Amino acid sequence: MNAPSSTYGLSREARNLHWLLSNLVEEVPGVRSVVVVSTDGLMLLSSDARHHAATAAADPVAQDGPKGSSADLATIVSGLGSLTLGAAKLMDGGSVKQTMVAMDEGSLFVMSISDGSLLGVHATPDCDMTVVAYHMALFVGRAGHVLTPELRNELRRSLEHAQ
């Protein structure tokens, strides 16, 4: 698979993360949209809403995320991550590895990445939760060791220039 044109000029590590994210969306049945959010709540990566235009046309219920906005999904993921981290501290539960919210019309998964960033996935209500969680864990395992402060800054800058 070729890297999207939006990755032109990015480092090899940044292009690789974009590729991993695109693979997660394209290869895992039921995944609607994906975001990676930094520890300070800023979106670093997101699935391309245009990628799902054909899916949305075929199935009006299958939207790209909350109201179709990656920024909305990033805000929700950041807030949910903060809430569960606070709950874990109050309960002396240690670190939060994964949070899952099952809703009538979809599912939301949030998984911690080693540097404190979060991976968020919005999926269909009929997705296979174990398959989604497995592929998220693969992404986290591959992304966690390369998501350095320098790479996070590069990803933020690339999102700013894309808007």
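Residue indices begin at 1 and follow the sequence shown. As the structure is a computational prediction, the values presented were derived from the model and not from experiment.
Rounding to the nearest 0.5 angstrom, the gap separating the OG atom in Ser107 from the CZ atom in Arg32 is 8.5 Å. Of the inter-residue distances, the one linking Leu20 atom CG with Leu119 atom CG reads 10.5 Å to the nearest 0.5 angstrom. The OG1 atom of Thr99 lies 8.5 Å from the CG atom of Leu118; values are rounded to the nearest 0.5 Å. Separating the OG1 atom in Thr148 from the CD atom in Glu154 is a distance of 8.5 Å, to the nearest 0.5 Å. In this structure, Met129 CE and Met136 CE are separated by 12.5 Å, a value rounded to the nearest 0.5 Å. A distance of 7.0 Å separates OG in Ser158 from CG in Leu45, rounded to the nearest 0.5 Å.
Sorted by first and then second residue, the side chain to side chain donor-acceptor pair (under 3.5 Å) pairs involving residues 77-96 (not counting sequence neighbours) form an empty list.
Hydrophobic clustering (side-chain heavy atoms under 4.5 Å, transitive across Ile, Leu, Val, Met, Phe, Trp, Tyr) groups Met103 together with Val35. Residue Leu44 is not grouped with residue Leu85 when hydrophobic side chains (ILVMFWY) are merged at heavy-atom distances under 4.5 angstrom, including chains of intermediate members. Follow the hydrophobic side-chain contacts under 4.5 Å out from Val96 and you never reach Val132; the two are in separate clusters. The hydrophobic clustering, which links ILVMFWY residues whose side-chain heavy atoms are closer than 4.5 Å, places Trp19 and Leu24 together. Put simply, Leu138 and Val121 are part of two different groups of oily side chains (I, L, V, M, F, W, Y) that touch within less than 4.5 Å, one to the next.
Ser117 places a side-chain heavy atom less than 4.5 Å from the side chain of Arg152. Counting heavy atoms from C-beta outward, Val131 and Val28 have side chains that approach closer than 4.5 Å. You'll find the side chain of Phe139 stays beyond 4.5 Å of the side chain of Met111, heavy atoms only.
Leu17 and Leu147 make their closest contact through CD1-CD1, 3.7 Å (heavy atoms, listed as atom of the first residue, atom of the second, distance). The minimum heavy-atom distance between Leu155 and Ala14, with the atom names listed, is CD2-CB, 3.9 Å. Minimum interatomic distance between Val77 and Val110 (heavy atoms only, all atoms of both residues): CG1-CG1, 4.0 Å. The nearest pair of heavy atoms linking Leu73 to Ser33 is CD2-OG, 3.3 Å. Contact between Leu21 and Ser47 at its shortest, heavy atoms only, is CD2-N, 3.4 Å. Looking at every heavy atom in both residues, Leu151 comes nearest to Ser11 through CD1-OG, 3.9 Å.
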Criterion side chain to side chain contact (heavy atoms under 4.5 Å, CB included) on His18 and Leu10, from CA distance to verdict | CA-CA 10 Å; His18 277 277; Leu10 294 179; 3.7 Å; yes
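Under the rule for a salt bridge (charged side-chain N to carboxylate O under 4.0 Å, His left out), the partners of Asp40 that lie at least two apart in sequence or sit in another chain are Arg156.
In this structure, a donor-acceptor pair under 3.5 Å is absent between the side chains of Ser112 and Gln98.
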